[in-house]
Visitor: 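For reference, the structure I am asking about is given below.
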Amino acid sequence: MVTAIVLMKADRKHIQELSQILADIPGVTEVYTVTGEYDFALMVRAKTNEEIGTVVIDQLNEVEGIIETYTMLALRCYSQHDLDAAFGLGIE
């Protein structure tokens, strides 16, 4: 599984409607409105880098109201939730 984090700037007039539009795109698993330089942080998950590219390049670029995106591919995931689940199963 490949994960990308996409930071996004949006036209302020479209932020409310964009939340649902972005969440409905296949491959987008989470949409966060955030403070700071960007308006949204998206988690995109797919089987391959090419599928990530399809979501980011083809699908997100078609959404009206998006001004700019910045995409980062995740290399490793460290999650307290995942660690707690593993230790709960007796994995050391």
Side-chain angles (χ1 to χ4, degrees):
M1 181 68 62
V2 181
T3 301
I5 299 104
V6 180
L7 302 176
M8 181 179 297
K9 291 181 182 179
D11 182 336
R12 304 253 184 233
K13 293 181 272 186
H14 296 283
I15 288 186
Q16 291 296 332
E17 63 196 57
L18 276 174
S19 300
Q20 190 59 53
I21 291 168
L22 295 169
D24 288 342
I25 294 174
V28 175
T29 58
E30 296 158 69
V31 175
Y32 298 95
T33 53
V34 295
T35 61
E37 184 177 344
Y38 293 93
D39 301 303
F40 292 100
L42 283 63
M43 301 299 290
V44 179
R45 294 188 172 89
K47 291 181 182 177
T48 66
N49 285 342
E50 289 178 6
E51 290 178 16
I52 293 285
T54 298
V55 173
V56 174
I57 295 167
D58 298 337
Q59 295 178 341
L60 291 178
N61 280 336
E62 296 296 318
V63 178
E64 186 177 336
I66 295 174
I67 296 170
E68 179 182 325
T69 62
Y70 183 83
T71 303
M72 300 172 285
L73 289 179
L75 301 176
R76 292 190 178 124
C77 177
Y78 302 94
S79 165
Q80 189 62 43
H81 174 75
D82 294 337
L83 291 173
D84 289 344
F87 286 119
L89 295 173
I91 298 172
E92 296 185 31

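Keep in mind that this is a model prediction, so the values were computed, not measured.
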Visitor: Mind checking the CD-CG spacing from E68 to D39? Nearest 0.5 Å is all I need.
Guide: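 Atom-to-atom, E68:CD and D39:CG are 10.0 Å apart.
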
Visitor: Can you find a heavy atom in the side chain of L60 that is under 4.5 Å from one in the side chain of L42?
Guide: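 When only atoms from C-beta onward are counted, L42 and L60 do touch, with a gap below 4.5 Å.
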
Visitor: Give the other cluster members for I67, using side-chain heavy-atom distances under 4.5 Å between Ile, Leu, Val, Met, Phe, Trp and Tyr residues; answer none if it is isolated.
Guide: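 Besides I67, the cluster holds no residue at all.
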
Visitor: Could you check if a side-chain atom of H14 sits within less than 4.5 angstrom of a side-chain atom of I21, using non-hydrogen atoms only?
Guide: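 No, their side chains stay 4.5 Å or more apart.
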
Visitor: Each residue besides I5 in its hydrophobic cluster should be listed here, by chain and number; the cluster joins Ile, Leu, Val, Met, Phe, Trp and Tyr at side-chain heavy-atom distances under 4.5 Å.
Guide: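 Once heavy-atom contacts under 4.5 Å are chained together, I5 belongs with L7, Y32, V34, Y38, M43, Y70, M72.
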
Visitor: Got a sec, which pairs hit side-chain hydrogen bond (donor to acceptor under 3.5 Å, both in side chains) with one end in residues 44-59, sequence neighbours left out?
Guide: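 Qualifying pairs: T29-R45, E30-R45.
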
Visitor: For a 4.5 angstrom cut-off between non-hydrogen side-chain atoms, does F40 reach I15?
Guide: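 The answer is yes, as the side chains (C-beta and beyond) meet within the 4.5 Å cut-off.
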
Visitor: Any idea which heavy atoms bring V55 and G27 closest together, and the distance?
Guide: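 So the two residues come closest at CG2-CA, 4.5 Å.
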
Visitor: What's the separation between atom OG1 in T69 and atom CG in N61, rounded to the nearest 0.5 Å?
Guide: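 These two atoms lie 6.0 Å from each other.
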
Visitor: Rounded to the nearest 0.5 Å, what separation is found between the OG1 atom of T71 and the CD1 atom of I52?
Guide: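 Going from OG1 on T71 over to CD1 on I52, the span is 9.0 Å.
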
Visitor: Search all heavy atoms of S19 against all heavy atoms of T33 and return the closest pair with its distance.
Guide: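 Result for this residue pair: OG-CG2, 4.0 Å.
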
Visitor: Going from NZ on K9 to CD1 on I66, what distance comes out if it is rounded to the nearest 0.5 angstrom?
Guide: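 If I round to the nearest 0.5 Å, the distance is 13.5 Å.
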
